[in-house]
Structures are given as C-alpha cells and as structure tokens.
Amino acid sequence: MPNSPLHDWDLAPREAIALQKRLAGQVEREDRLDPVGRIAGVDIGFEQDGAITRAAVVVLAWPPGAEGEFEPTTLEIVEQVVHREPTRMPYVPGLLSFREVPAALAAFERLEVRPELVMVDGQGIAHPRRIGVASHLGLWLDLPTIGVAKSRLCGRHREPGPARGDWTPLVDGPDDEVIGAVLRSRVKVKPIFVSPGHRLTLPTALDWVIRCLGRTKLPEPTRLADRLASRRGR
DNA sequence: GCGACAG
DNA sequence: ATCTTGTCGC
C-alpha cells in the first residue's frame, strides 16, 4: 500500500488542488500531434455501488474504411481493454481526474498498440484551473487528448444553432477566455462540450470530434468506451 | 451568505 | 456515475 506506484494520486482536496495548479502550466495548448493512425476513446464506469471502478479504452483505426459526412461508418476497432480496481476517491467536482485517471492509466498499460490521439469522457481545459480529466490524462500519457463532456462544469455560452455541426464558444473568466466549444453533435439533442485536453488547439479538437461523429450524440471513440465501461456493450 | 458543480 | 419500463421513431 505505501509503495503503490499510484500512491501520489491519493491526495486530500487541498493537495490535489495545489497539484493541479502546478500541472496546469505543463498542459500544452498548441498542436503537436503525429500523423493519426489510431484514435482511442476512454471512459470510466462503476460497479457495486461505486466500490469498483471500471476503466475502458477502445482503440479505433483511422481513417475509416468509408468516410462520409458525419458518418465514419467503418471505424474499425483495433483493440479494447477493460480494467477493474477498487475505487480510491469519491467524486468531487473539479477533482474528477484523481478519481478516474489512475484506473485509466492502468488500462492503457495493458494496451498493446499506442494511439496517436485520445478522446476522454469529461472536460479538457474547460475546468476552473484549466486542467480537467482529459488534460491530466494527456499529461501523464504524453499524448494529444480531447475532452468530450456531456454537460458543463464551468464557463458561459450561448445556445448553439439547431444543425448538426453548429457550435458556440464556451468562455470563462473576467477576460472571456475561450476554453472550449458547445457542439450540436445531433439534431434536436442537447449539445456536447468539447475542449482541448493536451497538445492541441480548440479548432483541431473540434475538427476531430466532428470527423468521428456517427449517427449518435457522442463521437465513436467515447461512445464505444462508454458502452464498455457501463457494462452495456457486448 | 447563496448558487453551481465533468462523472 | 448508477438505479430502471415503457415508448416513440427511423
């Protein structure tokens, strides 16, 4: 226990926040990605009243076999991993990464292939201290990451247009800093919140999310990881 | 003091 | 996040 390699994740809120402030300065907001051949989706689910954490990672091949507008129908699954472990931290708004990243890292360690891009279920820099779970994970994996959340954590925004692909900027702070985008990924459905995680800009993040949209609200990477982590998927 | 609050 | 039946629509 005292020698657990992930011991440094078990922090009191006080220390966790201090760590986030230090790490936030290491999050890269410029594009720095290698040619994309594989895209991974990550999500965490729970079992037994939250006692067990399930981390799921799904790796898809890019480009898809038959790419159509908003329909990458042939995004082939290259590999998928599910890792289970005891839950170590409770959910605290703003400190989600300390609860989910350890399990996600363990799942990645079991992966045989390495993706060039990762989509995470949660916020990237659209976070009070600009380091949401997607940014934190990207920092640890040293990979470009994108935050794809189903709801807002912080920031202000106007309602995006009704058409698929319409989006409005998510801004925060007294200076209206742009921290993400509110994207209408499907007609007549609540928009999703896209934000850069690590090593890429908002335009690039939006571009990839839109390119990975199928007929559902969530882009294929996180949609498939969602299924796996939630137990549903086959 | 009063809301808001990823998963 | 998770607990859950039916129901509307392509």
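A quick note: this is a predicted structure, and the numbers were derived from the prediction, not measured. In the text below, chain A, chain B and the rest are named by the order of the sequence lines, each starting its count at 1.
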Original post:
Is the closest basic N to carboxylate O distance between A/E30 and A/R199 below 4.0 Å?
Top reply: no
Protein N or O to nucleotides 4-10 of chain C N or O, pairs below 3.5 Å:
none

Original post:
Does the pair A/K217/A/D226 count as a salt bridge with the N-to-O cut at 4.0 Å?
Top reply: no
**OP:** Output yes when A/E177 and A/R130 qualify as a salt bridge under the 4.0 Å nitrogen-oxygen rule, no when they do not.
**Re:** yes
Subject >> Side-chain ion pair, A/D43 and A/R227, N-O less than 4.0 Å >> reply: no
**OP:** Spell out, as yes or no, whether a donor-acceptor pair under 3.5 Å connects the side chain of A/R152 to the backbone of A/G155.
**Re:** yes
Original post:
Backbone N or O of A/G94 within a donor-acceptor pair of the A/Q20 side chain at under 3.5 Å?
Top reply: yes
Original post:
Looking just at side-chain N and O atoms, do A/T222 and A/D121 make a donor-acceptor pair shorter than 3.5 Å?
Top reply: no
Original post:
What pairs of residues pass the salt bridge (Lys or Arg N to Asp or Glu O under 4.0 Å) test when at least one of them lies in residues 103-113 of chain A, not counting sequence neighbours?
Top reply: none
Subject >> Selection: residues 193-205 of chain A, any non-hydrogen atom under 4.0 Å of DNA chain B >> reply: none
Subject >> Protein-to-nucleotide contact annotation, 5' to 3' order, nucleotides 2-7 of chain B [B base; S sugar-phosphate only; - none; under 4.0 Å, heavy atom] >> reply: --SBBB
Original post:
Rounded to the nearest 0.5 Å, what separation is found between the CD atom of A/E76 and the CH2 atom of A/W62?
Top reply: 13.5 Å
**OP:** Would you confirm whether the ring centroid of A/H157 sits within less than 6.0 angstrom of the ring centroid of A/F193?
**Re:** yes
Subject >> Where DNA chain C forms stems, i.e. three or more consecutive Watson-Crick or G-U pairs with both distances under 3.5 Å >> reply: none
**OP:** Can you establish whether the number of heavy atoms outside A/D49 located under 6.0 Å from its atom CG is more than 12?
**Re:** no
Original post:
What is the distance from atom CD1 of A/I17 to atom CZ of A/F98, rounded to the nearest 0.5 Å?
Top reply: 9.0 Å
Original post:
Which of these passes side chain to side chain contact (heavy atoms under 4.5 Å, CB included) with A/D172: A/I125, A/I179, A/L153?
Top reply: A/I179
Subject >> A/P219 and its side chain to side chain contact (heavy atoms under 4.5 Å, CB included) partner, picked from A/I192, A/I210, A/V194, A/I39 >> reply: A/I192
Subject >> Canonical and wobble pairing (Watson-Crick, G-U, under 3.5 Å) of DNA chain B, dot-bracket with | >> reply: .......
**OP:** For the pair A/T53 (side chain) and A/P86 (backbone), establish whether a donor and an acceptor sit closer than 3.5 Å, ignoring hydrogens and angles.
**Re:** no
